[in-house]
Amino acid sequence: MTLTQTSGLRFAVEQLAAEPPIDLVTRCALPAPSAEQPSNLPAVDAQAVTEPYPLDRAFHAMLARFTGGISPVALSLAYLDWSSHLAASPQRQLERARKVVRDTGRFIDAAAHAASPAQNPWSVIKPQAQDRRFAAPLWEVPPFNLFAQSFLLGERWWHDAATGVHGVAPANEAIVEFSGRQMLDMLAPSNFAASNPEVLQKAFRSGGENFVFGWHNWYSDLMRILSAGKAAGDEQFVVGKTVAASPGKVVYRNDLVELIQYHPTTEKVRPEPILIVPAWIMKYYILDLSPQNSLVKYLTGEGFTVFAISWRNPNASDRDVAFDDYRKLGVNAALDAIACILPRRKVHALGYCLGGTLLSIAAAAMARDGDNRLKTITLLAAQTDFTEAGELTLFINESQVAFLEDMMWERGYLDTTQMAGAFQLLRSNDLIWSRLSHDYLMGERAPPSDLMAWNADATRLPYRMHSEYLRKLFLSNDLAEGRYHVDGKSVSLADIHAPMFVVGTLRDHVAPWRSVYKIHYQVDADVTFLLTSGGHNAGVVAPPGEPGHSYQVMTKAADAPHVDRDEWLKLAPHAEGSWWQKWSRWLTARSGELGDLPRMGFGNGDSLPDAPGDYVHT
């Protein structure tokens, strides 16, 4: 699809790119956006798409449909490494066998005394605190308690067998343990009606009506998947009406982004605007959900001028869009537009997830080149070092990346189903099996939420960009190790001196907080690190007044001694409530005095749409 482009801004930026930012912003005079312009994204190169072994790639792409995008070679090599070393460890095998015999004896003894009032229901093994499958009191009643304990013993046996084998590569060990645990989780007694006391109680009380409702839920989900429709209840969350509804206007557009400027809601505003750089593996309105859950609405209510990038959802024609195109046409273009709208204003920049990684690269390149337009930098659940990226790294090795590349090569992009499937596997108990029990066995539905509706509004990733992201950042860790190049020259995060506010979330399976914390080791800046309760999304969407939120926070000056992660966890003070308020106070302390309202856009009455724009619907 050919999309309109703000040619005036592009022309001004190209003509003045070699001059200092201050000259650029004082000299910008932009006309209204013109009609259709040629695309500035890379065109698909027919020769580049041609491969020497296209049949091999096509075969791998076909195979990926049957494996869910998981490389069978990577899995086989991991199991070969583990099984070979385990076979060569007879003493360890004997030790594990003895433990199995001991646990079996304890389990038989517990089963023999299960009816005794004095018997502790979890006398052999107890569920972990985060395991909610067996939290209901009914699971303490025999025989269901015995079902649960036998399953937990099996899980522990597998963990002991799969880990700690001398000589096994840590990455292969993690793959073996994780994949085996996924198979075991399928067999949990909570997943079957006959062994789940909560389901049986519901069936007894409802006369089996829960199974009728469960079948209806299953059939509705199947029809929705086949028709690519919305989940039941999601229709109440309409983009532009009930979510992504903060009033504003698209003030700049190119082939990759729309830049939204939001209307102020206070009589006076701080002089420094905020630029939100979301990840493009998600729609931007994760930060502008329903009004009560909208960070955008909260910030405008606190007296800030807010801009947000909305990425266009790529298709097969965008296969050659590079990772650096997102920096140039995203972060850089947005900053240039803001500089033209609000001359001489420094910017508070916020990057979320992959958008935070991109922002850190852009900030390092700007610092290297003497561009000081960033007043502060905020990173939300964003990694800059990928050596401890959690269980997500199980899907990232040379074999797996090559497999994904072959799969993307055929389509030109990574489909939404592959990303969603990988993220669901990381939390399969919460996102897959607990839902199976709740929706199909109990016959109930969780009330629809704006966050769930947003999560279903999936995006795609271009072939070239995703390949570069996996290879340069995940596999090679180029950014953290000083090998990442921008405009032909390497960038270093150590060049960043702007104050930073970095948020990690306690139960993050995508960007573990211990990995996010590594920004302390990389930048030469004051870093305020905040660890909030919740996960990758729910921990970030934490509006004031909503119960259950808490955080720890502590600031380290650029020249202060190093504090390791475990020590930080002990020292950082706890606070109840939303981290949004803490961040707002931090921004206010680094902003100028309240002043007059800014103009909207370039003040020329252009024809671009109101927020949320067009790209959010692609």
Side-chain angles (χ1 to χ4, degrees), residues 68 122 125-141 144-145 147-156 158-159 177-203 205-206 209-222 224-225 231-234 390-392 417 419-456 458 505-510 533-539 541 548:
W122 304 108
I125 187 171
K126 185 178 182 179
Q128 296 183 3
Q130 67 270 22
D131 191 347
R132 295 177 289 181
R133 290 173 294 183
F134 312 114
L138 286 172
W139 285 103
E140 298 183 358
V141 178
F144 305 107
N145 177 259
F147 295 159
Q149 288 193 89
S150 63
F151 170 76
L152 293 172
L153 283 172
E155 277 200 326
R156 188 171 71 180
W158 173 252
H159 176 79
E177 196 279 334
F178 177 83
S179 59
R181 177 159 40 90
Q182 297 303 311
M183 298 299 293
L184 284 174
D185 284 342
M186 295 174 59
L187 304 176
S190 54
N191 296 339
F192 302 93
S195 55
N196 189 325
E198 297 176 85
V199 174
L200 294 175
Q201 183 186 69
K202 183 71 178 289
R205 291 179 175 177
S206 68
E209 193 176 53
N210 58 305
F211 295 125
V212 176
F213 288 137
W215 183 89
H216 181 267
N217 291 341
W218 174 84
Y219 184 77
S220 297
D221 288 345
L222 177 63
R224 175 183 59 83
I225 292 172
D234 283 0
E391 289 184 333
L392 192 62
T417 55
M419 285 192 293
F423 290 136
Q424 285 183 334
L425 279 177
L426 297 180
R427 296 178 56 207
S428 59
N429 283 336
D430 293 332
L431 300 180
I432 299 177
W433 306 118
S434 64
R435 182 185 174 190
L436 179 150
S437 175
H438 185 268
D439 289 15
Y440 304 151
L441 300 182
M442 298 290 286
E444 301 173 355
R445 283 285 199 193
S449 70
D450 51 3
L451 193 58
M452 292 172 59
W454 164 85
N455 191 57
T505 61
L506 189 60
R507 296 188 298 275
D508 199 325
H509 295 263
V510 179
S533 57
H536 189 71
N537 297 325
V541 182

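For clarity, every value in this text was computed on a predicted model and none was experimentally measured.
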Student: Do F211 and S206 come close enough that some side-chain heavy atom pair is under 4.5 Å?
Tutor: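 The answer is no; the side chains never approach within 4.5 Å.
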Student: Please evaluate residues F192 and L441 with respect to the criterion side-chain contact (heavy atoms from CB on, under 4.5 Å), reporting the C-alpha separation (whole Å), side-chain torsions for both, the decisive distance (0.1 Å), and the verdict.
Tutor: CA-CA 8 Å; F192 302 93; L441 300 182; 5.7 Å; no
Student: Is any side-chain heavy atom of D131 less than 4.5 Å from a side-chain heavy atom of L152?
Tutor: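 Yes, their side chains come closer than 4.5 Å.
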Student: Heavy-atom distance under 4.5 Å between the side chains of E444 and K202, does that happen here?
Tutor: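 Yes - at least one pair of side-chain heavy atoms lies under 4.5 Å apart.
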Student: Nearest heavy-atom pair of S195 and P189: which atoms, and what distance?
Tutor: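 So the two residues come closest at OG-O, 2.7 Å.
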Student: Provide the closest heavy-atom pair for N217 versus Y440 in the form atom of the first, atom of the second, distance.
Tutor: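 Heavy atoms only, the tightest pair is C-CE2, 3.8 Å.
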Student: Give the ring-plane orientation class for Y219 versus W215, where under 30° counts as parallel, over 60° as perpendicular and anything between as tilted.
Tutor: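 The arrangement is parallel - the two ring planes meet at less than 30°.
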Student: Kindly indicate whether the side chain of F134, heavy atoms from C-beta on, has any atom under 4.5 Å from the side chain of E140.
Tutor: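 No; the side chains remain at least 4.5 Å from each other.
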Student: Show the numbers, then the answer: is there a side-chain contact (heavy atoms from CB on, under 4.5 Å) between D185 and R133?
Tutor: CA-CA 10 Å; D185 284 342; R133 290 173 294 183; 3.3 Å; yes
Student: Rounded to the nearest 0.5 Å, what separates atom CD in Q201 from atom CG in N210?
Tutor: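 Taking CD in Q201 and CG in N210, the distance rounds to 11.0 Å.
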Student: Please name the pair of heavy atoms, one in H159 and one in E177, separated by the smallest distance, quoted to 0.1 Å.
Tutor: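 Where H159 meets E177 most closely, the heavy atoms are ND1-OE2, 3.5 Å.
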Student: Show the nearest heavy-atom pair for residues R445 and D221, with the distance to one decimal.
Tutor: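 Closest approach of R445 to D221, heavy atoms only: NH2-OD1, 2.8 Å.
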Student: Testing the basics here: between F151 and L184, what is the closest heavy-atom pair and its distance to 0.1 Å?
Tutor: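 Reported closest heavy-atom pair: CE1-O, 3.1 Å.
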Student: So with a 6.0 Å cut-off around NE2 of H216, is the heavy-atom count from everything else above 12?
Tutor: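 Open: at most 12 neighbouring heavy atoms sit under 6.0 Å from NE2 of H216.
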Student: Between S190 and N196, what is the shortest heavy-atom contact and its length?
Tutor: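 The pair with the smallest heavy-atom distance is O-ND2, 2.8 Å.
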Student: Taking D439 for its side chain and W218 for its backbone only, find out whether a donor-acceptor pair lies under 3.5 Å.
Tutor: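 Between the backbone of W218 and the side chain of D439 there is no qualifying donor-acceptor contact (under 3.5 Å).
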Student: Pair D508, H536 - check side-chain contact (heavy atoms from CB on, under 4.5 Å), show working.
Tutor: CA-CA 5 Å; D508 199 325; H536 189 71; 2.8 Å; yes
Student: For side-chain contact (heavy atoms from CB on, under 4.5 Å), just list the numbers for M186 and M183, CA-CA rounded to whole Å, side-chain angles, deciding distance to a tenth of an Å, and then say yes or no.
Tutor: CA-CA 5 Å; M186 295 174 59; M183 298 299 293; 4.2 Å; yes
